[in-house]
Q: 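The structure under discussion is supplied below as structure tokens; questions concerning it will follow.
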Amino acid sequence: MNFPNPLNAMQILWINIIMDGPPAQSLGVEPVDRDVIRKPPRNVRDSIITRSLIVKVLVSALVIVCGTLFVFWRELQDNVITPRDTTMTFTCFVFFDMFNALSSRSQTRMVHEMGLCSNRTFCYAVLGSIMGQLLVIYFPPLQNVFQTESLSIFDLLFLVALTSSVCVVSEVIKKVERWRGVERSPPSDCFHEV
């Protein structure tokens, strides 16, 4: 792939410092899962980074990279980088980041099980990040700094539909893991000899 850079330096700094920080930090105050007391203790020899976690991270990364590059490729049909091309790509990546943070609130519980607003800090962080992104897109002084241009409502709807795929895929993986876990676990009335 012989793509030119899809983002400029200011956009990369915005993503790394402003967009990633608050949502990621707010995950640290996620309410404790009430079912954690019902689970057996983790073996101290078991790695914290499990195979399941690695698969989830790699699948999410693949969806984000492919989706973002797809938007850039789609916008770059004329082989000339315009502010619209970078704005669409930039906003795509930011929205992917927000949806990925949403699905990362729990490794096992689905978003609808936790409640969308059960972590108010997370909601405020994501809302602030989205408002900041909209300012960068629509506020003329910031458009000059970030080399962006206004997007239509249809552009935003397209981006939300595309970027929500990372959350959908993550939720499907959780559902499959849950299904496989139920399939593998012994019946609850079964006793094991010690």
Q: For E113, is there an ion pair with R178 - N to carboxylate O distance below 4.0 angstrom?
A: yes
Q: Spell out, as yes or no, whether a donor-acceptor pair under 3.5 Å connects the side chain of K174 to the backbone of S106.
A: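 A pair under 3.5 Å: yes.
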Q: Would you list the atom pairs, donor with acceptor, under 3.5 Å between side chains in residues 92-99 and any protein atom, with sequence neighbours excluded?
A:
none

Q: Measuring from S129:OG to I15:CD1, what's the distance to the nearest 0.5 Å?
A: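 Here the rounded value is 11.5 Å.
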Q: Starting from L151, can I reach V160 by hopping between I/L/V/M/F/W/Y residues whose side chains sit under 4.5 Å apart?
A: yes
Q: Report whether Y138 and F146 are members of the same hydrophobic cluster (ILVMFWY, side-chain heavy atoms less than 4.5 Å apart, transitive linking).
A: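 Y138 and F146: one cluster.
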Q: Tell me, yes or no, whether the heavy-atom count around R109 atom CZ, taken from other residues, nucleotides or ligands under 6.0 Å, exceeds 12.
A: yes
Q: Test side-chain contact (heavy atoms from CB on, under 4.5 Å) on N8 and F90 and set out the steps.
A: CA-CA 9 Å; N8 64 44; F90 176 41; over 6 Å; no
Q: Determine whether F158 and R74 make a side-chain contact, defined as any pair of heavy atoms from C-beta on separated by less than 4.5 Å.
A: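 Counting from C-beta outward, F158 and R74 do come under 4.5 Å.
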Q: Could you verify whether a donor N or O on one side chain and an acceptor N or O on the other, from T86 and Q147, lie under 3.5 Å apart?
A: no
Q: Would you indicate whether the side-chain heavy atoms of T148 and Q11 approach each other to under 4.5 Å?
A: yes
Q: Using the side-chain hydrogen bond (donor to acceptor under 3.5 Å, both in side chains) rule, take S103 and E171 through it: C-alpha gap first, then chi angles, then the decisive distance, then the call.
A: CA-CA 7 Å; S103 65; E171 296 297 290; 5.2 Å; no
Q: Consider only side-chain N and O atoms of Q143 and S150, and report whether a donor and an acceptor are under 3.5 Å apart.
A: yes
Q: Is the side chain of S170 donor-acceptor paired with the backbone N or O of V166 at a distance under 3.5 Å, no angle test?
A: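 Such a contact is absent between S170 side chain and V166 backbone.
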Q: Please lay out, stage by stage, how F72 and L7 fare under the test side-chain contact (heavy atoms from CB on, under 4.5 Å).
A: CA-CA 10 Å; F72 186 58; L7 304 172; over 6 Å; no
Q: Can you confirm whether more than 12 heavy atoms, excluding those of L58, are under 6.0 Å from its CG atom?
A: yes
Q: Calculate, to the nearest 0.5 Å, the distance between atoms CG and CD1 belonging to L53 and I48 respectively.
A: 10.5 Å
Q: Is it possible for you to say whether L134 and I17 belong to one hydrophobic cluster, with membership spreading through side-chain heavy-atom contacts below 4.5 Å?
A: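 Cluster IDs for L134 and I17 match.
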Q: Under 4.5 Å between side-chain heavy atoms, counting indirect links through other Ile/Leu/Val/Met/Phe/Trp/Tyr residues: same cluster for V126 and M110 or not?
A: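 No, no single cluster joins them.
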Q: Does any N or O in the side chain of D85 come within less than 3.5 Å of the main-chain N or O of T82, such that one atom is a donor and the other an acceptor?
A: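 The answer is yes, because a donor-acceptor pair under 3.5 Å joins these two groups.
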Q: Can you tell me how far the CG atom of N100 sits from the OG atom of S164, to the nearest 0.5 Å?
A: 12.5 Å
Q: Is there a donor-acceptor pair closer than 3.5 Å between any side-chain N or O of D155 and the backbone N or O of M88?
A: no
Q: Treat each ILVMFWY residue as a node, draw an edge where side-chain heavy atoms are under 4.5 Å apart, and state whether L62 and I64 are in one component.
A: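 Result: no, two separate clusters.
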Q: Going from OG1 on T89 to CZ on R84, what distance comes out if it is rounded to the nearest 0.5 angstrom?
A: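 T89 OG1 to R84 CZ: 10.0 Å, rounded to 0.5 Å.
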